[in-house]
There are 2 protein chains.
Amino acid sequence: MASLKQVAERANVSIATVSRVLNNKDIVNPETRAKVENAIRDLNYLPNRVAQRLRSTSSKKKLIGVVLPDVQNPFYVDVIRGIEETAYRNQFVVMIGNFSQDEEKERLYLDIFQSEEVDGMIVAPAHGRDQNILKVLENNFAVVCIDRGLADVDVDVVKVDNEEGVFGAIEYLISLGHKRIAHITGMPQIPTTAERVKGFERAMKKHGIKIDPDLIRPSNSSYESGAELMAELLSLKKPPTAVFTANNLITLGALRTIHERGCKVPDDISIIGFDDMYWSMSLNPPLTAVRQSGYEIGKRAASMLLAGIFTPQRSKRQVVLPTELIVRKSCRRI
Amino acid sequence: MASLKQVAERANVSIATVSRVLNNKDIVNPETRAKVENAIRDLNYLPNRVAQRLRSTSSKKKLIGVVLPDVQNPFYVDVIRGIEETAYRNQFVVMIGNFSQDEEKERLYLDIFQSEEVDGMIVAPAHGRDQNILKVLENNFAVVCIDRGLADVDVDVVKVDNEEGVFGAIEYLISLGHKRIAHITGMPQIPTTAERVKGFERAMKKHGIKIDPDLIRPSNSSYESGAELMAELLSLKKPPTAVFTANNLITLGALRTIHERGCKVPDDISIIGFDDMYWSMSLNPPLTAVRQSGYEIGKRAASMLLAGIFTPQRSKRQVVLPTELIVRKSCRRI
DNA sequence: GCAGATTATGTAAACGTTTACAATCAATTT
DNA sequence: AAATTGATTGTAAACGTTTACATAATCTGC
């Protein structure tokens, strides 16, 4: 790989001149420019981003880091797409770290991204009191949190109104006549779980329905736990008539059990999942779901991050996007 | 962010000494080591990977690039998981570039990764004559191609026996009595499409079944095209009794149309998809599918890449993994 | 008590850029 | 014609590491 120096030699100019034609900031004689451009072409020169990054000051490194709990989850894939699109349009490159719900791995990625001198990071914190992220903030990196906020910390956040979203879904079930509504919740330690549970409880209370504690099952947010807990629910003496699943993996796991047991949706049981997927209509029956647009979250987070990078003193803000109840065919009136 | 120099000052030693305790290669006096380690802790020092990479020679940069056509596709998510796991275990970091089937964007990411001085790259070429990747090889980067090979080029490849996989699936359908078997193919320009079509044709020919050209529908490998082409097939005067869909997005799209039209799987139509998903059992009925393990591909590709990085003169090899027909409930005997 | 080995540390160059500053030269002004 | 200006280019330092080499101090065996 050719370097500035080699280009300079071939064009018979100094490296400074080459740098100047590359960044076309300063004036350079059209003839020299042509000479240099030829040399660049001949040598197939590509600027070395590593050297550029080492040398240049903040906000010109054109690199952001994204730290996510689970790329297996289609929601985060959407988030990535949103981020990447915005970044790409602004000539930023995205590095992705997937920490698989492992806090130690999260720390590693945060460290690496700092070491890589990213201009900023978008992070979905492992939980609400994530110490790792505080360290990053102390080091004055631009940070945007997504999906989950950070307790007692003034930081940019893009999230969704979880409580309201679940509230609406449960009200919808109640309006269909359901009373025995189960809730397979997410991991207890992540803030969204609490918010979603709150929405559930609020809706039940509003309509004067007592919550059967047997019907509330905390999962670890995975496909497998969704399947297992659904099995437990179906084995109950008095199984629920409807179930609300707190994320898309849980939903899919629950559906697996439901089909395995030969239960019919929505005849035997109604189901609403948090998180819509672009192929939710491909399920049989098509899934009724609370949609949060990962793509939109990613886009917003990326623009906020870029804003924060270019004007560091900018005050922090919190964006709360609405969710949308997509009614399809997985719930019935009873 | 603290630098070597600051650590050195605080510990009253030279930067060389600090570097030595960090890389614990050379001998350093236990007392000095302790001093330095304290300084490192006090200052929260993290080595700067950018500087490290700039300075160090090939294979010690601990960074690999991955260039993929579509992260929306769960198959590639599995690949990423496989790569990342292996990389992580060897202390390598992964940069991901998603080119969304856009060759120009592919080139950009390849350039960026070269500029980032990666030790090597794992790439799913845009097509069989991908010029962009040739350039990378010329620059002596270690490269492993996945999913698709590169025509007339001696390069490491990890792929799957597409032809055989499809062949088996079609034979299975034939064994169930199907004769009017449709095939929604992938994008014509990618090599896997041709291989899969070949498997289809071979199976049909072997069993003396004439292929109705109306039943072969080339898609652009997307969810939408799967849905559209399935609609066309169902609208035929003589619709197929079974359909083979060439990747998971197409499968999901086709399923959507099938359910929309009120068709029953497998009563009205049987379906086999290429690509299994961890939630294929959550579909109703559970999907019969040709599984290629993206995870395994990613793992193999990553180990091959690391091998290629550490011994550049190593001869290139081609790994062809078998597929597996996972029989579930989406096909019936007729 | 001294040559030579051993141990421990420091100095400085190098990686490939960007950029402040200096230097050169021609053109313009006074 | 000296001085100022402007355009163009070059020189060298800096970013934060690693590492070859030099240096200094201690020790070994005689």
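First the proteins, then the strands, lettered A, B, ... as listed; each starts at 1. All values derive from a computational prediction rather than experimental measurement.
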Rounding to an integer number of Å, can you tell me how far [X] [atom1] sits from [N] [atom2]?
X         : N       : atom1 : atom2 : answer
Leu4(B)   : dT11(C) : CG    : C1'   : 15 Å
Glu117(B) : dA14(C) : CD    : P     : 17 Å
Asn12(B)  : dG10(C) : CG    : C1'   : 13 Å
Leu54(B)  : dA14(D) : CG    : P     : 17 Å
Met1(B)   : dT17(D) : CE    : C1'   : 14 Å
Glu9(B)   : dG10(C) : CD    : C1'   : 15 Å
Arg53(A)  : dT17(D) : CZ    : P     : 14 Å
Gln52(B)  : dT19(D) : CD    : P     : 10 Å

- Mind checking whether Leu321(B) and Gln292(B) have side chains closer than 4.5 Å, heavy atoms only? no
- Residue pair Ile83(B) / Lys299(B), side-chain heavy-atom distance below 4.5 Å: no
Starting at [atom1] of [X], measure out to [atom2] of [Y] and round the result to the nearest 0.5 Å.
X         : Y         : atom1 : atom2 : result
Ile133(B) : Leu110(B) : CD1   : CG    : 6.0 Å
Asn29(A)  : Lys35(A)  : CG    : NZ    : 8.5 Å
Ile15(B)  : Lys5(B)   : CD1   : NZ    : 8.5 Å

Determine all donor-acceptor pairs shorter than 3.5 Å in which one atom belongs to a side chain in residues 136-150 of chain B; sequence neighbours excluded.
residue	atom	partner	partner atom	Å
Asn139(B)	ND2	Gln114(B)	OE1	2.7
Asp147(B)	OD2	Tyr76(B)	OH	2.9
Arg148(B)	NH1	Pro125(B)	O	2.6
Arg148(B)	NH1	Ala126(B)	O	3.4
Arg148(B)	NH2	Tyr76(B)	OH	3.4

- Message: Evaluate Asp119(A) against Lys62(A) for salt bridge (charged side-chain N to carboxylate O under 4.0 Å, His left out), listing each step before the verdict.
- Response: CA-CA 7 Å; Asp119(A) 289 317; Lys62(A) 299 283 184 188; over 6 Å; no
- Item | Contact list for DNA chain C against residues 15-27 of chain A - heavy-atom distance below 4.0 Å | Ile15(A), Ala16(A), Ser19(A), Asn23(A)
- Message: Quick one: does any side-chain atom of Ser56(A) pair with a main-chain N or O of Gln52(A) as donor and acceptor, under 3.5 Å?
- Response: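 Confirmed, Ser56(A) side chain pairs with Gln52(A) backbone.
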- Positive for side-chain hydrogen bond (donor to acceptor under 3.5 Å, both in side chains) with Asn132(A), one of Arg107(A), Glu106(A), Glu104(A):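 Exactly one option meets the side-chain hydrogen bond (donor to acceptor under 3.5 Å, both in side chains) with Asn132(A), and it is Glu106(A).
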- Close approaches to DNA chain D from residues 28-51 of chain A, in residue order (heavy atom, under 4.0 Å): Val28(A), Asn29(A), Thr32(A)
